[in-house]
Amino acid sequence: MAQHDRPLSPHLQVYRWQITMTMSILHRITGVGLGIGTLLMAYWLIAIFAGPEAFDTAQDLLGSIIGRIILFGFTFSLAYHFCNGIRHLAWDIGRGFELPQVHATGWIVVVSSIVLTLAIWILGYAVRGSL
Amino acid sequence: MSLRTPLNHARGLGSAKEGTQHWWHQRLTALALLPLAVWFIVSLITLADATYEDVIDWLSSPIVAGLMLLWIFAVFYHLKLGLQVVVEDYVHTEWRKITSLILVTFATITLGLACALAVLWVWLAG
């Protein structure tokens, strides 16, 4: 049914950007990003199974500069998807639909995600005792 | 005169064809993932300075193994449900959509099983 390329009226090019649509698409993007992250988790778990040499290689890769940058990105994706997920669950039971509430909870999610991400990494470095 | 009920007429329409169970299971796995994710991240933080032996010790606990299996199952099922919606939203050529959905289902099951087997092996075989 959708094989014909009929013209679409402009949408993204003309609609004013708002926090609601931004957070919605970010929820999807972080979700897909986390999905890709499961590959890293699988790699780590299988490295544990494969033995100490494989595990050390995995730790070195994940602990490299690039690895840590990727892990930081995944931490933020998880924090954001987690917090916005709670916002979604509240909507699912019918709460928080008034527009001021949508905006307020939206900003709470954004700030919480950043704070959570930083807290997790600071704690992680504290446990390690070094950089 | 059609003998179809209105419900029968509505069923099977739309890009997904059906979705109540999908909707509920997505919320169920989301709910389960709230405490499981907290536990997983806290665990990873405590393992930030872990040696290989520390990690093996951590996974040797049946509680840890059990929680890991719950986490793995919930993550990959939630991921499968989420990716399914993404495919249904953006892929409109029927054969491409069906192929993508099959790939998503198989990939999440396979990856989830691989993770679960790794956990079980380490837990049972040390």
Side-chain angles (χ1 to χ4, degrees), chain A residues 1-4 25 27-56 58-59 62-63 71 74-75 78-79 81-89 91-93 116-117 119-130, chain B residues 15 23-24 26-31 33-34 37-38 40-42 44-56 58-59 68 71-72 75-76 78-83 85-86 89-94 96-97 104 107-108 110-123 125:
Chain A
M1 281 295 188
Q3 274 81 3
H4 307 282
I25 193 61
H27 195 73
R28 176 164 281 191
I29 291 172
T30 51
V32 173
L34 287 167
I36 299 173
T38 60
L39 289 167
L40 280 186
M41 180 176 80
Y43 168 57
W44 188 68
L45 288 173
I46 293 171
I48 295 174
F49 148 81
E53 301 83 21
F55 176 73
D56 285 336
Q59 291 287 83
L62 292 170
L71 285 176
F74 281 126
T75 313
L78 183 58
H81 198 84
F82 183 97
C83 295
N84 202 227
I86 295 175
R87 188 162 164 253
H88 265 283
L89 288 174
W91 288 334
D92 287 335
I93 58 173
L116 268 177
T117 306
I120 289 169
W121 275 76
I122 289 172
L123 280 172
Y125 276 118
V127 167
R128 275 177 78 86
S130 71
Chain B
S15 58
W23 189 91
W24 177 242
Q26 187 66 309
R27 272 69 187 167
L28 215 50
T29 50
L31 205 57
L33 282 170
L34 290 182
V38 171
F40 183 67
I41 293 300
V42 168
L44 286 186
I45 291 174
T46 62
L47 290 171
D49 64 343
T51 61
Y52 183 71
E53 290 73 27
D54 293 331
V55 176
I56 298 294
W58 173 71
L59 272 173
M68 277 300 290
W71 161 253
I72 288 166
V75 162
F76 283 100
H78 188 87
L79 176 63
K80 180 261 175 193
L81 293 170
L83 288 178
V85 180
V86 174
D89 276 353
Y90 300 135
V91 184
H92 299 297
T93 312
E94 194 70 13
R96 288 202 186 108
K97 182 173 71 178
V104 162
T108 49
T110 308
L111 209 56
L113 186 63
C115 290
L117 286 176
V119 167
L120 278 171
W121 182 279
V122 171
W123 177 54

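Note: B:F40 and B:W71 have parallel aromatic rings, judged against thresholds of 30 and 60 degrees for the angle between ring planes.
For B:L44, the part sitting under 4.5 Å from any heavy atom of chain A is the side chain, from C-beta outward, and nothing else. Using a 4.5 Å cut-off between heavy atoms, B:L34 touches chain A through backbone and side chain atoms alike. In this structure, chain B has no heavy atom under 4.5 Å from any part of A:H27. Heavy-atom distances place the side chain of A:R28, and not its backbone, under 4.5 Å from chain B. For a residue to count as touching a neighbouring chain, one of its non-hydrogen atoms must lie under 4.5 Å from one of that chain's; by this rule B:V86 touches chain A with backbone and side chain alike. Only the backbone of B:T51 comes within less than 4.5 Å of a heavy atom in chain A; its side chain stays farther off. For a residue to count as touching a neighbouring chain, one of its non-hydrogen atoms must lie under 4.5 Å from one of that chain's; by this rule B:V85 touches chain A with backbone and side chain alike. Contacts between A:W121 and chain B at a heavy-atom distance below 4.5 Å are absent for every atom of the residue. Both the backbone and the side chain of A:I48 come within contact range of chain B, each with at least one heavy atom under 4.5 Å from a heavy atom of that chain. Looking at A:I86, only its side chain comes within 4.5 Å of chain B, counting heavy atoms on both sides.
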Step-by-step side-chain contact (heavy atoms from CB on, under 4.5 Å) determination, B:L111 to A:L39: CA-CA 8 Å; B:L111 209 56; A:L39 289 167; 3.6 Å; yes
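Residues B:L120 and B:W123 form a side-chain contact, since some pair of their non-hydrogen atoms from C-beta on lies under 4.5 Å apart. Put simply, the side chain of A:R87 reaches to within 4.5 Å of the side chain of A:N84, judged on heavy atoms.
For the atom pair CZ of A:F49 and SG of B:C115, the computed distance is 12.5 Å after rounding to the nearest 0.5 Å. A:H88 contributes atom NE2, which lies 10.0 Å from atom CD of B:Q26 (distance to the nearest 0.5 angstrom).
The number of heavy atoms from other shown groups lying within 6.0 Å of CH2 (B:W23) is above 12.
Chain B forms the most heavy-atom pairs under 4.5 Å with one residue out of A:V32, A:I46, A:L78, A:I120, and that residue is A:I120. Across B:I45, B:V119, B:V55, B:L59, the residue that shares the most heavy-atom pairs under 4.5 angstrom with chain A is B:I45.
Closest of all the heavy-atom pairs between B:A116 and B:I72 is N-CD1, 3.8 Å.
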